[in-house]
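Below is one structure, written out as structure tokens; the observations come after it.
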Amino acid sequence: MNDAESADEPPRRRRRDPEGHRAAIIEAARHTFAERGYARTTLREIARRAGVTHGLITRHFASKERLFLAAVPGNRDLERVAAGDPKTLPDRIAHAFVRRLETDAVNDPLIILMRSAASDERAAAHLLVAMQEHSAAVYRSVLAPGVPGVPGVPTTPDDDLDARVALVGAQMIGVAFSRYIARTEPLASMPPDQLAEHLARILRQILFG
């Protein structure tokens with residue numbers, strides 16, 4: 001390798017720092033998925049950008065799919081957003097979702113995945129199912145079984161919760177597509193706070209009826 005090639009290569013992170021390595025991998029993954037889409041992104045390219053080895057990525061995340069799920073902000077932060085009073089769960093979900101996409105929709109892995117669905121439908125569907133399953137597990141931990149003893153929160157039967165979570169996901173994907181990809185009105189120009197309030201009201205109806 002000549003000096004010019006060496007200059008183009010990110011420095012390897014040789015010190016033992018598992019959390020630092022993990023953070024660097026996730027950051028590199030977000031940028032690479034945003035630039036190349038899911039199908040064209042490789043673990044070797046992410047490793048090069050993160051300054052780690054390919055083997056270290058597979059040790060932390062096992063596969064490209066699991067790395068993508070870890071890199072999606074909403075999927076990664078869902079436990080933190082969901083924690084709290086069940087009655088205000090729809091508000092927390094809606095405001096966090098809108099705030100996240102308003103911050104950086106162009107580079108958001110969920111938007112990238114939606115854009116790439118036409119060229120890699122199978123991969124997109126598989127990843128969306130995995131995200132839905134993760135969401136269902138988190139929401140169930142907050143809402144089920146029946147959130148006993150919480151006034152004003154209707155009982156949500158366990159056999160109905162998966163359907164409700166799927167509808168929450170479909171609603172949020174629809175909003176994301178209309179505002180950030182298709183840019184259709186009135187959602188495209190709606191003030192973020194107003195959008196979050198409308199979305200929270202709809203999610204409340206879906207989750208609690």
Answer yes or no: is there a side-chain heavy-atom contact under 4.5 Å between F61 and I26?
yes
What I'd like to find out is whether the side chain of L167 reaches to under 4.5 Å of the side chain of Q171, using heavy atoms alone.
no
Distance in Å, R204 CZ paired with L199 CG, rounded so as to fall on 0.5 Å steps:
10.0 Å
Quick one: does any side-chain atom of R179 pair with a main-chain N or O of L187 as donor and acceptor, under 3.5 Å?
yes
Do V81 and I202 land in one hydrophobic cluster if side-chain heavy atoms of ILVMFWY residues count as linked below 4.5 Å?
no
Check residues 37-44 and write down every donor-acceptor pair under 3.5 Å in which the side-chain atom is one partner and the other belongs to a residue at least two apart or another chain.
{"unit_1": "T41", "atom_1": "OG1", "unit_2": "T32", "atom_2": "O", "d": "3.3"}
{"unit_1": "T41", "atom_1": "OG1", "unit_2": "G37", "atom_2": "O", "d": "2.7"}
{"unit_1": "T42", "atom_1": "OG1", "unit_2": "E45", "atom_2": "N", "d": "3.1"}

Taking side chain as C-beta onward, heavy atoms only, is R48 less than 4.5 Å from H54?
no
S178 side chain to V175 main-chain N or O, any donor-acceptor pair under 3.5 Å?
no
Any side-chain heavy atom of I93 sitting closer than 4.5 Å to one from Y139?
yes
Would you confirm whether R164, through its side chain, and I206, through its main-chain N or O, come within 3.5 Å as a donor-acceptor pair?
yes
So, do H198 and Q194 sit near enough that their side-chain heavy atoms are less than 4.5 Å apart?
yes
Look at the side chain of R92 and the backbone N and O of D85, then say whether any donor-acceptor pair between them is shorter than 3.5 Å.
yes
From K87 atom NZ to L207 atom CG, the distance as rounded to the nearest 0.5 Å
15.5 Å
Distance check, rounded to the nearest 0.5 Å: E27 atom CD versus I46 atom CD1?
12.0 Å
Roughly how far, to the nearest 0.5 Å, is the CZ atom of R30 from the CD1 atom of I25?
15.5 Å
